[in-house]
**Q** 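Here it is, the structure in full.
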Amino acid sequence: MEIKNLSTRMLSKIAKSDEHGENSPYFDGWKAYDSDPFDPIRNPNGVIQMGLAENQLCFDLVQEWIERNPEASICSHEGLHAFKNIALFQDYHGLPHFRNAVARFMAKMRGGRVSFDPDRIVMGGGATGANEMLMFCLADPGDAFLIPSPYYPAFDRDLRWRTGVKLIPINCQSSNNFKITKEALEESYQNAKVKVKGLILSNPSNPLGTILDKETFKTLIEFINDKKIHLVCDEIYAATVFGGANYTSVSEIIQEMECDRNLIHIVYSLSKDMGFPGFRVGIIYSYNDNVVNCARKMSSFGLVSSQTQHFLASMLSDDDFMDKYLLESSRRLASRHSKFTNGLDKVGISCLASNAGLFCWMDLRHLLKEETFEGELGLWRVVINDVKLNVSPGSSFHCQEPGWFRVCFANMDDETMEIALRRIRKFVGTNEQENARVKMAKPWRKNLRLSFSSITYDHETRVSSPVIMSSPRSPLVRAHT
Amino acid sequence: MTRSQSPERKESPNRTPSRTGMRLIVPLQGVVQGRGGLILGSLIPCALFYFLQFYLKRHRSQPRQRSASAANLPDLQRSSSRANLLARGSTVRAHVSARASPVAKPNDSPYYIGLDRLREDPYDEAANPEGVIQLGLAENRLSLDIIEAWLSRNLTGSMLGVGSDALGLTRLAAYQPMDGLMAFKVAMADFMTEVMGRTVPFDPSRLVLTSGATPAVEILSFCLADQGNAFLVPAPYYPGFDRDIKWRAGVELIPVHCRHCDNFTLNKLALEQAFNQARKRGQKVRGILISNPSNPVGNILNRDMMYDLLDFAKTRNIHIISDEIFAGSTYGDEEFVSMAEIVDLEDIDKDRVHIIYGLSKDFSIPGFRVGAIYTYNENVLAAARKLTRFSSVSTPTQQLLISMLSDKQFTLDYIKINRQRLRMMYDLFVAGLRELGLECAKSSGGLYCWVNMSSLMSTYSDKRELELWDKLLNEAKINVTPGSACHCIEPGWFRFCFTTLSEKDIPVVIERIRRVVKSFKPSV
């Protein structure tokens, strides 16, 4: 005991602080999943992971491409000749063909309406590392960034923990579909007790799945120019837009209106659009030369593996493939989204109208026993423990109104999604029964029987079972995205 | 009674100058002699005294005049306590945070200037034979062919996997534990055990893997010290530590100067003094950062010194960070002993010992970004694991290395052959330098040698060292690292990395150095 105290005392404040957020009750959902993960064969009654925004819909396309293009990898006979140079390459500028490919891809997903300068591309350790790096560059300890709520929970950790920067939420209400209003912006700015250095938001939004309309965008640009604060746009979901919606990137808006470009910065990553979170590819694109310069030097702390850079350089510059990929990915997302939201609609659950992202923002206010955050947490525990779905409660996203939940649908196959919908239907049905005190005529049938028939479950290629990443007792908690 | 009213005020202004002069001098005399009462007699002389001191102080701290030939060189201050990096260069660049502005300004260290220069004009035997030869980057190119050969023998196809236990794309691309796959930790632990002499088994559950040793050092700094605290570090030291530890973690580095007379090994007394002086200044020392084998000198810590360090750390309740990234790059006769071995043997208070490792030097793959923190402290382990979310190893790279490092025969062969080649290059290079009358410090590890070039300096000063460095870079066209960039207190020492060369490059390099040496000593 004495040694333990000694070793705790020897730690820094940062190491001892709770700013990593992993002790909060919201990680109970993750723990429930980790200890009882769903598997169609081995554990059909397990918890289905719907709290992780991972995109597994198009792995087959990528796999095909890899097989057709062995020279992209240095681990193949065709690609081996590049091994020595790649293995030695540790320049923080990044491989030139990698930067060119990323710039090209970013322009492509914005419909070719803007072009990106490869020399402004800086690497980071995933979007996580990229966001943190920007905070180090733009703000000092004690400064603040405004952020529209609800927002991605890990921002609390990524933007604040080591940097000492504060986050001030801009309250958005369901009454106007959580749009950012000028009044809300002004209110947050005026009430800030510390120096506000900038505004950060994700567009498309996590958890809402909505994209910023031009009107709101213009208001934002005017606001940041007026207050002379930075604007950081996390565009990590930019290519998950579906349904033909018109996505506008900040890079396009600044072409259309007056703006001090030194204030504009974009964060990007391949974790969501391409489904490559394990590759750890974070990108900062800044219009501010000093920030590019500074961030590039700091990128030594989170460089992308040259092997990965080399591979991606090939893939992202294959125009035909990327065009096809973007179209197909968008189509599959649209299809999954509509199946899921229709399924929910049938049981009276509505979602916020959205056309991007890997999730929906579900409205469960009518299921709350009381319209409070305690009620929300109560409902959430029921969903995890009884319905066996790991969804994310709105309060973890700092939503001001209880009863909203984010549910992810792109990290599973169709069968698993059906099972999830069935469980939800059952739960809503039971809930209604309880409320109405009417017994169901038919006995409740266990709805987890799958039709195995001719489907073989090859766990290497199917995307049904989310990876078991850590032992139940591991203190490791996976990325809570 | 004060004679505050001076008689000449009543007189008319059109007096002759001499008379006015006298009228001024007399009361001034009185002031200086302390006559004239409280104001004139005491306060004014005191004020004059302080103004004089202030004037002298201001003029003393202005920069020295630079000579014409060194017009573009940075002005170095070689002092035993480094100024706070964040306090220097206080011009706040437009729109960038105050803590980022020193980072944003152009690199003024010769270490970085040399690298930039080389990027513009790199040597190539065929295409650019007059280009700058790289001897300033500790990169190992001697044994990459061995790895390439292994790959060639073991490939089954694409990056989806090497060997039969490949991860499918689903698992390859998906989120994984941020501090590394367990299989990769096992492979790394085995490799570290092998590299460090098989005297202590490394436990995979104590490993935290990061994207390079650079973030590993930074993460440890964030875990072990608060902003404004300090680590003691034997100097000369690796210039990158200034970046890794100071920039974002805000931890100070207090150099403990090592001298030629000790072959640049750490002196216990100097360590004590540095600690005590820090305490007097009010600086809280949280740990000692050692590199073993050391960079830039290349010497190895002996057991006695390691025991002394552990005692020192225990009595002062501080951490020891042992950067052992060159552990597999030893070529001398001295035995390399890892801090893990000492700790393991003696059941010493383990919570304060942390080891840094990585594959950039020993395994020649700096581009792949693989670093490791090995710690016995459960709390540091827990905190460091969470911090790896900002700097994780790319999964395809982990996958590739799991296969590679699990091939025990391959790793054994690699380590052995690499050491032999290092030894050979070291011997050749040092012999070449000796012909020119240049001696090296005794070293047993690392990818470089520590060369004494003070005989080529007319005066023993940092300015002459920089001039020599400039001459080597721009006339001899070789990029080497001057001791001042490594915070060496004795001018004239340079680090020459010889592992970026092939055997046939050595005579070319020696010839170029000879040209410079001749310009100083025509008899060579």
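Note that the structure is a prediction, hence the values are computed from the model and not measured. Sequence lines set the chain letters: A, B, ... in the order given, protein chains first and strands last, and positions in each chain run from 1.
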**Q** Has the side chain of B:Asp226 got a donor or acceptor atom that lies under 3.5 Å from a matching backbone atom of A:Ser12?
**A** no

**Q** From A:Ser306 OG over to B:Phe368 CZ, what is the distance, rounded to the nearest 0.5 angstrom?
**A** 5.0 Å

**Q** Look only at the side chain of B:Asn379 and the backbone of A:Leu11, and say whether a donor-acceptor pair between them is shorter than 3.5 Å.
**A** no

**Q** With a 4.5 angstrom heavy-atom cut-off, is it the side chain or the backbone of B:Leu381 that approaches chain A, or both, or neither?
**A** neither

**Q** What distance separates A:Phe89 CZ from B:Glu139 CD, expressed to the nearest 0.5 Å?
**A** 10.5 Å

**Q** Are B:Pro396 and A:Phe279 side-chain neighbours, meaning at least one heavy-atom pair lies under 4.5 Å?
**A** yes

**Q** Using a 3.5 Å distance criterion without hydrogens, assess whether the side chain of A:Asn290 forms a donor-acceptor pair with backbone atoms of B:Val96.
**A** no

**Q** Under 4.5 Å from any heavy atom of chain B, what part of A:Val62 do you find: side chain, backbone, both or neither?
**A** both

**Q** Strictly by side chain to side chain donor-acceptor pair (under 3.5 Å), give each pair with a member in residues 295-305 of chain A just once, sequence neighbours left out.
**A** A:Ser305-B:Thr397

**Q** Tell me, side chain or backbone of A:His230 under 4.5 Å from chain B's heavy atoms, or both, or neither?
**A** side chain

**Q** Which bit of A:Asp60 is near chain B, if near means a heavy-atom gap under 4.5 Å: side chain, backbone, both or neither?
**A** neither

**Q** So do the side chains of B:Asn317 and A:Met10 get within less than 4.5 Å of each other, counting heavy atoms only?
**A** yes

**Q** Please examine the side chains of B:Ser97 and A:Leu138, heavy atoms only from C-beta on, and report whether any two atoms are closer than 4.5 Å.
**A** no

**Q** At a 4.5 Å cut-off on heavy atoms, which part of A:Asn293 comes close to chain B: side chain, backbone, both, or neither?
**A** side chain

**Q** Looking at chain A, which one of B:Asn229, B:Asp244, B:Val370 has the largest number of heavy-atom pairs inside 4.5 Å, strictly under?
**A** B:Asp244

**Q** Quick one: which of A:Ala295, A:Gly198, A:Pro141 has the most heavy-atom pairs under 4.5 Å with chain B, could you say?
**A** A:Pro141

**Q** When only pairs under 4.5 Å are counted, which of B:Gly371, B:Ser211, B:Ala225, B:Gly240 shares the most heavy-atom pairs with chain A?
**A** B:Ala225

**Q** Of all the heavy-atom pairs spanning A:Trp161 and B:Lys386, show the shortest one and how long it is.
**A** CH2-CB, 3.7 Å

**Q** Relative to chain B, which segment of A:Thr163 carries a heavy atom at a distance below 4.5 Å: side chain, backbone, both, or neither?
**A** both

**Q** With a 3.5 Å distance limit and no angle check, can you tell me whether B:Ser394 reaches the backbone of A:Arg280 through a side-chain donor-acceptor pair?
**A** no

**Q** Does B:Arg389 pair with A:Asp158 as a salt bridge, N-O distance under 4.0 Å?
**A** yes

**Q** Could you check whether any side-chain heavy atom of B:Arg248 comes within less than 4.5 Å of a side-chain heavy atom of A:Met133, counting everything from C-beta outward?
**A** yes

**Q** What distance separates A:Leu88 CG from B:Ser364 OG, expressed to the nearest 0.5 Å?
**A** 7.5 Å

**Q** Where do A:His77 and B:Ser152 come nearest, in terms of heavy atoms and distance?
**A** CE1-O, 3.5 Å

**Q** Please look at A:His93 and chain B and tell me whether the side chain, the backbone, both or neither of the residue comes under 4.5 angstrom of a heavy atom of that chain.
**A** side chain

**Q** Compare all side-chain heavy atoms of B:Glu218 with those of A:Met298 and state whether any distance is below 4.5 angstrom.
**A** no

**Q** Begin from the C-alpha positions of A:Asp91 and B:Arg119 and carry the test side-chain contact (heavy atoms from CB on, under 4.5 Å) through to its verdict.
**A** CA-CA 10 Å; A:Asp91 184 343; B:Arg119 207 177 283 127; 3.3 Å; yes

**Q** As an exercise: rank A:Gly302, A:Ala15, A:Gly129, A:Cys137 by heavy-atom pairs under 4.5 Å with chain B and give me the winner.
**A** A:Cys137

**Q** Enter the distance from B:Arg141:CZ to A:Lys84:NZ here, rounded to the nearest 0.5 Å.
**A** 10.5 Å

**Q** Backbone N or O of B:Leu387 within a donor-acceptor pair of the A:Arg162 side chain at under 3.5 Å?
**A** no

**Q** For the interface with chain B, which of A:Gly164, A:Ala127, A:Gly126, A:Gly125 has the highest count of heavy-atom pairs at distances below 4.5 Å?
**A** A:Gly125

**Q** Can you name the nearest heavy-atom pair linking B:Leu144 to A:Ala87, along with the distance?
**A** CD2-CB, 4.2 Å

**Q** Would you mind checking which part of A:Ile229 comes under 4.5 Å of any heavy atom in chain B, side chain (CB onward), backbone (N, CA, C, O), both or neither?
**A** neither

**Q** Tell me, out of B:Gly287, B:Pro215, B:Ala383, who's got the most heavy-atom pairs with chain A below 4.5 Å.
**A** B:Pro215

**Q** Would you give the length of the straight line joining atom SG of B:Cys223 to atom CD1 of A:Ile14, rounded to the nearest 0.5 angstrom?
**A** 8.5 Å

**Q** Rounded to the nearest 0.5 Å, what separates atom CZ in A:Phe301 from atom OG1 in B:Thr210?
**A** 11.5 Å

